[in-house]
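Notes to accompany the following structure.
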Amino acid sequence: MTRSIILGNGRLTILADQNYLLRELYYPLSTDNHLHMGRIGIWVNNRFYWLHDLHPEIEYEEDTLSSKVEASVEGIKIKIKDAVDMAYEILSREVTIEGNKEVKVFFAWDYHIYGTEYGDTALYDPATDGIIHYKRDRWFLFTCDIPTYQYATGYKEVMGYQGTWKDCEDGELSNNPIAQGAVDSAISFKINTGTTFYCWLIAGYNYGDVRKKNEYVQSKSPRELIDRTEKFWRAWLIKAKDYDKVVRRSLLTIVANWQENGAIPASLDTDIMRFNKDTYNYVWHRDAAFASIALTLLGYQDFSRKFFTFSKNLLFNGFLFQKYTVDGFWGSTWHPWTTGYVPIQEDETALLIYALWIHFRKFWDVDFVKDLYRPMVKSAADFLSTYIDEKTGLPLPSYDLWEERRGVHFFTSAAVYAGLVSASKFAEFFGDEEYKDKYFSAAQLVRKGLDTFYQGDHFARMLGDKGFDKTVDASTVLGAMLVYDPMDPRVISNRKVVEEKLTVNGGIIRYEGDWYLKESDKPNPWFITTLWVAQQHIAEGNIEKATEYLNWVLKNSLPTGIIPEQITPSGNYPSVSPLVWSHAELVRTYYYLKNGFTKFI
């Protein structure tokens with residue numbers, strides 16, 4: 001189910017689907033999804049309704065990370081506002097019931113703490129009048145500012161039990177105070193007439209921690225926490241005040257995914273697990289580099305600094321592996337170690353240096369960058385400048401940005417060029433003349449090799465054992481923008497061929513014959529590929545055409561402003577949502593519209 005909302009502060013991150021079922025809860029980093037499902041139910045006129053079955057209207061409070069949900073049933077209206085506090089690991093919830101009927105409101109919590117359903121404890125805590133779930137050092141407390149009516153804990157996913165959530169549907173709960181193993185819980189509140197009340201979910205590392213935070217909420221009030229969080233995010237967006245609201249929403253979406261230690265996962269949507277039991281919850285430095293660039297361009301310095309600090313110690317012999325967990329360990333991979341080549345996607349190493357150069361050129365933070373120059377810039381550039389085929393001047397084989405094939409790729413080579421030129425500029429700035437020349441010379445060899453990819457009327461996507469693979473690939477548009485003058489006739493011709501061959505329903509697919517998550521005879525357009533073509537049109541001065549592609553992106557994004565990875569020709573979202581890279585490319589596209597196109601190198 002497509003995720004429509006993400007709320008987060010770097011330590012507590014929560015996602016909800018298009019019917020406002022809470023599906024992901026990460027704390028204190030997004031290493032594990034602790035939540036299986038968070039449900040909201042209504043009992044009115046002796047009938048029970050789950051909020052997600054009422055197809056509620058869902059949106060964000062403008063320019064904030066607060067969600068608003070509204071649904072009507074049996075003559076009453078329920079409104080919910082959620083906000084993850086800007087400072088603490090607290091989700092504050094405002095619940096408004098409009099109508100003059102007796103209503104019971106239910107909150108059902110089904111956790112998989114540490115990502116598993118076993119070994120959990122669920123209990124009713126009289127001291128806080130709330131429900132606690134815990135396992136080891138992950139504790140979650142939920143309570144409200146009005147007295148609990150009933151509660152229950154019980155078993156699920158074992159011995160045929162569906163879960164305590166099912167017990168909500170007769171309007172009564174058992175008041176069973178504790179259960180352990182595969183367990184869930186429910187808590188209810190009775191409302192006699194229309195009113196507003198507040199609830200809060202606290203994440204902590206032990207009982208004392210959640211009790212202390214609970215006392216803090218009570219001293220401040222959850223309403224004040226919501227208000228200050230909304231004011232904070234509106235203030236944070238001051239640097240983007242001259243940009244469209246969709247840019248501001250993309251900035252908020254990027255930072256909602258960002259983790260406090262600087263990690264930026266590609267997507268926290270776990271629905272993709274249905275395909276191969278893995279997720280996008282990893283740091284791909286390609287995606288993260290472009291996210292860093294997007295924030296840098298609009299003046300947000302601290303997030304990029306944390307990202308570079310996070311990445312500094314990940315280099316291994318000068319290169320990055322395919323992906324990393326958000327706590328800095330190697331992520332799962334399919335790259336074989338038996339090919340005779342380093343099992344990497346080389347563009348990721350190169351783009352890290354390119355992103356750092358853009359950051360430095362924007363902020364000129366010499367004291368920060370000097371500590372990265374030797375261990376990161378020179379280490380990576382030394383690798384990039386030596387991992388070269390002496391005959392062609394091109395990088396040795398690695399895996400492509402689509403993570404499907406090994407070879408010498410146009411986009412990867414273009415990224416290596418950008419990384420080496422960036423490293424050369426760093427060396428020049430620090431007076432390191434020998435390395436300045438070394439990196440620049442290597443970059444020029446790569447650029448000369450890139451010229452050979454132009455085959456007829458477009459850039460081939462790959463050079464392999466059997467020669468050039470001339471499949472039309474949208475990544476050549478992005479690659480060309482890193483290397484060539486955008487008015488180069490080859491670049492323009494390549495863009496035209498990409499549009500001619502890869503347009504589906506107004507958007508741009510990845511490449512000819514793309515099979516990934518295809519639901520019909522036509523491949524799925526991606527948002528990033530469509531935005532690359534828009535960027536190239538901006539570089540050429542074709543603003544009207546670029547705007548046409550931008551409007552396609554906005555039209556096909558979710559009503560909340562969240563941008564997924566791709567969309568099927570029939571309008572479904574088969575993959576993750578949000579995709580951080582999609583939002584980064586939207587920000588970069590609007591930046592080019594406002595400031596003009598530049599390669600930055």
Side-chain angles (χ1 to χ4, degrees), residues 1 16-17 19-23 35-58 69-82 91 93-111 120-126 128-133 140-179 182-201 222:
M1 189 72 74
D17 68 20
N19 291 318
Y20 216 71
L21 278 166
L22 300 190
R23 305 298 294 269
L35 187 63
H36 185 224
M37 204 164 293
R39 300 172 173 90
I40 301 169
I42 310 292
W43 177 266
V44 58
N45 289 347
N46 292 317
R47 295 185 64 182
F48 185 86
Y49 302 88
W50 288 112
L51 178 68
H52 57 267
D53 291 331
L54 300 176
H55 305 295
E57 297 178 6
I58 303 172
V69 186
E70 185 174 314
S72 299
V73 63
E74 299 280 354
I76 67 104
K77 181 178 290 185
I78 180 169
K79 298 179 179 179
I80 294 173
K81 178 183 283 192
D82 282 345
L91 172 73
R93 171 171 286 174
E94 179 184 87
V95 183
T96 299
I97 305 296
E98 295 179 355
N100 295 317
K101 298 180 180 180
E102 182 179 272
V103 173
K104 297 177 190 174
V105 182
F106 292 76
F107 302 100
W109 295 99
D110 180 357
Y111 288 93
D120 293 0
T121 297
L123 62 90
Y124 171 71
D125 176 32
T128 60
D129 192 23
I131 291 288
I132 290 176
H133 286 249
F140 304 99
L141 163 66
F142 181 82
T143 188
C144 297
D145 67 350
I146 59 175
T148 296
Y149 174 62
Q150 292 177 332
Y151 59 83
T153 66
Y155 300 98
K156 48 95 182 201
E157 300 177 65
V158 63
M159 298 181 292
Y161 290 113
Q162 291 180 281
T164 303
W165 63 269
K166 192 68 176 176
D167 296 338
C168 298
E169 295 179 352
D170 63 2
E172 299 293 326
L173 297 175
S174 66
N175 289 333
N176 183 49
I178 194 165
V183 295
D184 71 337
S185 68
I187 188 169
S188 66
F189 302 87
K190 182 181 282 189
I191 311 297
N192 291 319
T193 58
T195 189
T196 294
F197 65 99
Y198 292 87
C199 305
W200 52 96
L201 174 70

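Throughout, numbering of the chain's residues begins at 1 and tracks the sequence. All values below were derived from every heavy atom in this structure, side-chain atoms included, with hydrogens, water molecules and symmetry-related copies excluded.
Residues Thr121 and Ile178 form a side-chain contact, since some pair of their non-hydrogen atoms from C-beta on lies under 4.5 Å apart. Between Leu22 and Met37 the shortest side-chain heavy-atom distance does not fall below 4.5 Å. Inter-residue side-chain proximity for Val95 and Phe189 is flagged as unmet; no heavy-atom pair is nearer than 4.5 Å. Taking the side chain as every heavy atom from C-beta outward, Ile146 and Ile191 approach each other to under 4.5 Å. Taking 4.5 Å as the limit, every side-chain heavy atom of Phe142 sits out of range of all side-chain heavy atoms of Leu91. With a 4.5 Å cut-off on side-chain heavy atoms, Glu172 and Tyr149 count as touching. Considering only heavy atoms from C-beta on, Phe107 comes within 4.5 Å of Arg93 through its side chain.
A salt bridge (Lys or Arg N to Asp or Glu O under 4.0 Å) check over residues 35-47, counting only residues at least two apart or in different chains, returns the pairs Arg47-Glu74. Screening residues 146-164 for salt bridge (Lys or Arg N to Asp or Glu O under 4.0 Å) gives Asp110-Lys156 as the qualifying pairs, with residues at least two apart or on separate chains. Within the structure, the salt bridge (Lys or Arg N to Asp or Glu O under 4.0 Å) test picks out no pair touching residues 140-151 (sequence neighbours left out).
Looking at Asp129 and Thr143, their side chains never bring a donor and an acceptor atom within 3.5 Å of each other.
The minimum heavy-atom distance between Cys144 and Phe197, with the atom names listed, is SG-CE1, 4.3 Å. Across all non-hydrogen atoms, the minimal contact from His133 to Ala122 is CE1-CB, 3.5 Å.
Applying the ring pair (Phe, Tyr, Trp, His ring centres under 6.0 Å) test to Tyr151 and every residue at least two apart in sequence or in another chain returns Tyr124. Not counting sequence neighbours, Cys168 has no partner by the disulfide bond (SG atoms under 2.5 Å apart) test. Taking Trp43 as the reference, nothing meets the ring pair (Phe, Tyr, Trp, His ring centres under 6.0 Å) condition, with sequence neighbours excluded.
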Handout entry: Candidate pair Ile42 and Lys104, rule side-chain contact (heavy atoms from CB on, under 4.5 Å), full reasoning
Key = CA-CA 6 Å; Ile42 310 292; Lys104 297 177 190 174; over 6 Å; no
Practice task
Apply the test side-chain contact (heavy atoms from CB on, under 4.5 Å) to residues Tyr20 and Asp82: give CA-CA distance (whole Å), side-chain angles for both, the deciding distance (0.1 Å), then the verdict.
Solution key: CA-CA 11 Å; Tyr20 216 71; Asp82 282 345; 2.7 Å; yes
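Ring geometry, Phe106 versus Phe48: the interplanar angle exceeds 60°, so the pair is classed perpendicular (tilted spans 30 to 60°). A parallel orientation is assigned to the rings of His52 and Trp50, their planes being inclined by less than 30° (bins at 30° and 60°).
A salt bridge does not link Glu94 with Lys79: every distance from a Lys NZ or Arg NE/NH1/NH2 to an Asp or Glu carboxylate oxygen is 4.0 Å or more.
Without hydrogens or angle criteria, Thr153 side chain to Leu123 main chain gives no donor-acceptor distance under 3.5 Å.
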